[in-house]
Protein chains: 2
Amino acid sequence: MGFLDKVPRLEALIERLESAEGLEDLQNVIEELRDSFGVDHMIYHWVNSKGDQYGCGTYDLEWVNRYVQKGYLRVDPVIVGCFQRFHPVDWKRFDWSSKAARAFMQDAIEHGVGNQGYSIPIRGPNGQFAHFTLSHNCNDEDWQTFTDKNRRDLILISHSFNQKALEFQPGRTPESSQSLSPREIEAMTLLATGLSRAQAADQLSISEHTLRVYVESARHKLGALNTTHAVARALNRGLIVI
Amino acid sequence: MGFLDKVPRLEALIERLESAEGLEDLQNVIEELRDSFGVDHMIYHWVNSKGDQYGCGTYDLEWVNRYVQKGYLRVDPVIVGCFQRFHPVDWKRFDWSSKAARAFMQDAIEHGVGNQGYSIPIRGPNGQFAHFTLSHNCNDEDWQTFTDKNRRDLILISHSFNQKALEFQPGRTPESSQSLSPREIEAMTLLATGLSRAQAADQLSISEHTLRVYVESARHKLGALNTTHAVARALNRGLIVI
DNA sequence: CGCCCCCTCGCAGTTTCTGGGGAGTAGGAT
DNA sequence: ATCCTACTCCCCAGAAACTGCGAGGGGGCG
């Protein structure tokens, strides 16, 4: 039975996904998902800008290691393309024109990655970014048919998968956020918009000294080392919005 | 017929949504969606870093104006709560404990917002943030039944809606092409974590002068007035993660 | 009533940031 | 081949921010 004839049952798949009990189990889940959709590979890949990454999926371990070791993260058009997009996208629509990208593609195909691919960008709080990707070996027409048919189910699955992955990801849970006083919020917000302390104080019609007290206070509450750090933390915790 | 008996046809709704031809038409679409689901209100609310906001939905115009004029954007637990979350969330799970939040809620209910609500956070490239929200007047049990039943459809609809809204707002991502270089990202990330320039330079094993060049460069690219501003913008646009 | 937090204001010395300059290498793109 | 970008290093002087010390009034809460 070809992969076009598979009829994945969304309900059952999501139920299984939500019953997952740890990162190891997610690996089992993604293999089951791959089988349910009948494609060659399915991958969840989480990444942040520090270069940390976590992934689970059905690629060869050798390829995964090579990917990490060669720093393909900064070359991979799937990463770059997903980062710029909102909606699911076929790999054909990525920019493969650069030399590095073409070399990467050739290397990938040699390591068992399919010639077709479909990736769903996912974004969470605090700039979290991931993508959920399917890869397969087939012709363009079949792939188009397949992705058209399963697009919505895949969106929902990728969402649930990301939620599960976030749950199991240590250190991604928000710290105990002590709230800021109204004045502190105002002061931090103005600084975050680029005003100097003097300008911000002027805008609030208070002395610069007073404003400084608010900023200091906010810094201490946030456990921040300096103003920039405090603004960054306040933004990250959603305490201020700019 | 109560709102629990409605059987919205996802296919038709999304088809209609994708045929929308402008922001004005999106307003029609959201009213049709509201009627299809049989709830009191449906809202799409887009927010950016500068405090600009765009919304369309079925709230009273008076309430919308009041919301903007009173700066409720900075108080609204729906905004704060969605900003910290990934998955759709019932309003009951937001933090309504602060005095400002309770005053806001009372004001909202007096202006026709329902006592129940369900919000879906949406994030796009470059730190774009929005939420898709339903509000209704009913008891907890009915609302739970309704949201459980329609959760998946609403996720898909909110996605398509956001894509459409993005399409019609090309100016939404004006400086999107101004991405930061790898070194600039590293430098900004370190500053955002509280390090001084000297410490950050040390960590990158470069001279402080060089680091300063990166920071300056990033500042110019981001159109920021100072380092704190630049860090705030980079965080908001999802260019760096801490 | 005392306690704690919030708001407001002040001084002074030290460190850091800002905003100009200039200069050279390497790699990719056109 | 040439241009452009990214990366690395250097100087200087003025402006701004940080650190740590202080003060007092107001409001809510047990």
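Only a predicted model underlies this, so the values are computations on that prediction, with no experimental measurement involved. Throughout, a chain's letter reflects where its sequence line sits, starting with A, and its residues are numbered from 1.
- Interatomic distance, CG of B:Asp107 versus CZ of B:Arg66, reported as 4.0 Å (0.5 Å rounding).
- Computed from coordinates, the A:Glu184 CD to C:dT8 P distance equals 11 Å when rounded to whole Å.
- Remark: C1' of C:dT18 and CG of B:Leu191 are 14 Å apart, rounded to the nearest angstrom.
- Taking 3.5 Å as the limit, the base of D:dT19 and the side chain of A:Arg212 contain a donor-acceptor pair of atoms between them.
- With values rounded to the nearest 0.5 angstrom, B:Asp202 atom CG is found 14.5 Å from B:Arg197 atom CZ.
- One interatomic measurement links the two molecules: CG of B:Leu195 to P of C:dC17, which rounds to 10 Å at whole-angstrom precision.
- One atom, NE2 of A:His209, and another, P of D:dA17, lie 12 Å apart when rounded to the nearest Å.
- With rounding to whole Å, A:Glu216 atom CD is found 7 Å from D:dC18 atom C1'.
- Summarising the geometry, the separation between CG on A:Leu211 and C1' on C:dT8 is reported as 12 Å, rounded to the nearest angstrom.
- A close approach under 4.0 Å does not occur between any side-chain nitrogen or oxygen of B:Ser196 and OP1 or OP2 of C:dT15.
- The CG-C1' distance, from A:Leu180 to C:dC7, rounds to 15 Å in whole Å.
- The side chain of B:Ser181 has D:dC7 as its nearest neighbour among D:dC9, C:dC6, D:dC7.
- In this structure, the CD atom of A:Glu208 is 6 Å from the P atom of D:dA17, given to the nearest Å.
- Distances shorter than 4.0 Å separate some side-chain N or O of B:Thr210 from OP1 or OP2 on D:dC9.
- Comparing D:dC18, D:dC10, C:dC6 against the side chain of A:Lys221 picks out C:dC6 as the nearest.
- When the nucleotides C:dG10, D:dC10, D:dC7 are ranked by their closest atom to the side chain of A:Ser207, C:dG10 comes out on top.
- Residue B:Thr227 places at least one side-chain N or O closer than 4.0 Å to OP1 or OP2 of C:dT18.
- Contacts with DNA chain C (heavy atom under 4.0 Å) in residues 197-206 of chain A: A:Ile206, listed by number.
- The six-membered or imidazole ring of A:His111 lies away from that of A:Tyr59, with a centre-to-centre distance of 6.0 Å or more.
- Within a 6.0 Å radius of CZ in B:Arg102, other residues, nucleotides and ligands contribute more than 12 heavy atoms.
- In this structure, B:Val215 reaches neither bases nor backbone, as no heavy-atom distance under 4.0 Å exists between it and the strands shown.
- If you look at A:Phe3 and A:Phe37, their ring centroids are not closer than 6.0 Å.
- Applying the 6.0 Å contact sphere to CD of B:Gln106 captures no more than 12 heavy atoms from other residues, nucleotides or ligands.
- Side chains of A:Tyr118 and A:Asn150: no donor on one and acceptor on the other come within 3.5 Å.
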